[in-house]
Amino acid sequence: MNQKNYQRELEQLICQNEASGAVPKLLLHVCCAPCSSWCLEYLNPHFDITVYYFNPNIDEPEEYRRRVAEEQRLLREMPLQRPVQFLEGGYIPEAFHELVRGHERDPEGGERCGLCFEQRLRSTAEAAVKGGFDYFTTTLTISPLKSAARLNEIGERVGKELGVAFLPSDFKKKNGYRRSTELSREYGLYRQDYCGCVYSKREAEQRRAERQIETTSRTE
């Protein structure tokens with residue numbers, strides 16, 4: 001079976017909207033400013049966007065607030081064609097920990113991550129229904145470490161359940177991830193090497209320690 005090309009589906013939908021003159025309302029879930037930068041640059045000419053910041057997986061309040069502030073700064077400084085609104089969901093890390101109870105030792109990208117993705121996408125879909133949006137989607141597909149197929153499957157399923165359309169995407173395609181790194185440098189955005197939860201942070205720290213050991217071994 002051929003793998004779906006979600007980015008092509010998005011481009012076709014944009015072409016259809018442009019042909020009809022429609023500018024749909026889009027609720028865009030964002031995980032951080034670096035990931036949202038290219039998504040905003042790409043989507044803004046075609047959609048009336050509201051950014052939805054909902055990331056209860058971020059364990060440390062200081063880290064959470066820093067990421068919120070960077071997203072808000074990016075929206076102030078980025079010269080976007082259409083104004084973009086900002087909506088912050090509740091910060092409820094206890095709900096994330098309850099959700100993933102029993103999956104603390106799952107590897108990065110395992111079932112724990114799937115539960116986290118669905119929690120964030122479901123909240124976005126609920127907010128989209130409440131706000132009368134035409135579509136909802138997430139910037140998470142820009143990460144080379146995250147499966148676009150998995151995220152799109154969750155989004156489509158949740159959208160059908162709640163009655164709001166999920167906008168397909170694979171934002172890493174067509175050099176999207178590279179462009180996000182360029183924009184991050186241009187705006188001096190705070191970047192992280194872990195997703196946000198304490199479990200991904202531990203794995204990132206372990207990777208850094210292993211790299212340091214390898215570097216030390218080569219120089220001895």
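Values below: all heavy atoms of this structure, side chains included; hydrogens, waters and symmetry mates excluded. The chain is numbered in sequence order, starting from 1.
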Do NZ/NE/NH1/NH2 and the carboxylate oxygens of R112 and E104 come within less than 4.0 Å? no
Between E156 and K160 (salt bridge meaning N to carboxylate O under 4.0 Å), is one present in this structure? no
How would you list, by chain and number, every residue that makes a ring-ring contact (aromatic ring centres under 6.0 Å, His included) with Y64, sequence neighbours excluded? Y53, Y91
Looking only at non-hydrogen atoms, find the nearest pair between A125 and V158 and report the distance. CB-CG1, 3.7 Å
Report the distance from atom CE of M78 to atom CZ of R73, rounding to the nearest 0.5 Å. 12.0 Å
So how far is it from Q3 CD to D170 CG, rounded to the nearest 0.5 Å? 8.5 Å
Who pairs with N175 by side-chain contact (heavy atoms from CB on, under 4.5 Å), at least two apart in sequence or on another chain? R178
Is V100 reachable from F117 through a run of hydrophobic residues whose side-chain heavy atoms are each under 4.5 Å from the next? no
Using the rule that Ile, Leu, Val, Met, Phe, Trp and Tyr join whenever any side-chain heavy atoms are under 4.5 Å apart, tell me whether Y187 and V68 fall into a single cluster. yes
Shortest non-hydrogen separation from S169 to T137 and the atoms involved: OG-OG1, 4.0 Å
For P34, check side-chain contact (heavy atoms from CB on, under 4.5 Å) against everything at least two apart and list the hits. C32, S184, L189, R191
Trace of the side-chain contact (heavy atoms from CB on, under 4.5 Å) decision for K173 with N5: CA-CA 10 Å; K173 292 288 185 67; N5 188 321; 4.3 Å; yes
Are any non-hydrogen side-chain atoms of L28 and L43 less than 4.5 angstrom apart? yes
For K25, all residues meeting side-chain contact (heavy atoms from CB on, under 4.5 Å), sequence neighbours excluded: D48, F133, D134
Is N44 reaching over with its side chain to a backbone N or O of R82, donor-acceptor style, under 3.5 angstrom? yes
Might you work through the side-chain contact (heavy atoms from CB on, under 4.5 Å) test for Q192 and E63, ending with a clear yes or no? CA-CA 10 Å; Q192 317 81 21; E63 177 72 16; 3.4 Å; yes
Do the rings of F54 and Y52 sit parallel, tilted or perpendicular, given the 30° and 60° boundaries? parallel
Non-hydrogen atoms of K146 and K172 that approach each other most closely: O-NZ, 3.3 Å
Mind listing the closest non-hydrogen atom pair of S180 and I142 along with its distance? CB-CD1, 3.8 Å
Give, for atom CG of L115 and atom CG of L99, the distance between the pair rounded to the nearest 0.5 Å. 5.0 Å
For the residue pair H46 and N17, establish whether any side-chain heavy-atom pair is separated by less than 4.5 Å. no
Decide, yes or no, whether a salt bridge links E88 with R65 under the criterion of side-chain N to carboxylate O below 4.0 Å. yes
Strictly below 4.0 Å, N to O, side chains only: are E62 and R67 in salt-bridge contact? no
Would you give the length of the straight line joining atom CG of L40 to atom CD of Q81, rounded to the nearest 0.5 angstrom? 13.0 Å
Between R179 and E182, is the salt bridge (Lys or Arg N to Asp or Glu O under 4.0 Å) condition met? List the steps. CA-CA 5 Å; R179 178 57 179 157; E182 293 171 351; 3.3 Å; yes
Short N-O contact, R101 and E98, less than 4.0 angstrom: yes
Transitive ILVMFWY side-chain link F47 to V164, under 4.5 Å: no
Look at the side-chain heavy atoms of Ile, Leu, Val, Met, Phe, Trp and Tyr, link any pair under 4.5 Å apart, and say whether V51 and V23 land in one connected group. no
Heavy-atom side-chain proximity of I49 to Y135 below 4.5 angstrom: no
Quick one: are F136 and T50 in side-chain contact, heavy atoms under 4.5 Å? no
Kindly work out whether a path of hydrophobic side-chain contacts (I/L/V/M/F/W/Y, heavy atoms less than 4.5 Å apart) joins L87 to V129. yes
Cation-pi geometry met for R66 and Y190 (6.0 Å, 45°): yes
State whether a side-chain donor-acceptor pair under 3.5 Å links T139 with S36. no
Determine whether Y177 and P144 make a side-chain contact, defined as any pair of heavy atoms from C-beta on separated by less than 4.5 Å. yes
Provide the closest heavy-atom pair for G155 versus L121 in the form atom of the first, atom of the second, distance. N-CD1, 4.0 Å
How far does CZ of F86 sit from CG of L74, to the nearest 0.5 angstrom? 11.0 Å
Contact between T141 and N152 at the side-chain level, heavy atoms closer than 4.5 Å - yes or no? yes
Checking C116 now: which residues fulfil side-chain contact (heavy atoms from CB on, under 4.5 Å) with it, not counting sequence neighbours? N57, F96, R120
List for me each residue that meets salt bridge (Lys or Arg N to Asp or Glu O under 4.0 Å) alongside E118, sequence neighbours excluded, and say none if there are none. R122, R157
May I ask you to test the I58-C197 pair for a side-chain heavy-atom distance under 4.5 Å? no
Would H29 and T138 count as a side-chain hydrogen bond (donor to acceptor under 3.5 Å, both in side chains) here? Give the steps. CA-CA 4 Å; H29 167 262; T138 178; 2.8 Å; yes
Nearest 0.5 Å, please: how far is CG in N55 from SG in C31? 6.5 Å
Tell me, with the steps shown, if K174 and E11 meet salt bridge (Lys or Arg N to Asp or Glu O under 4.0 Å). CA-CA 12 Å; K174 297 194 172 180; E11 292 169 357; 2.8 Å; yes
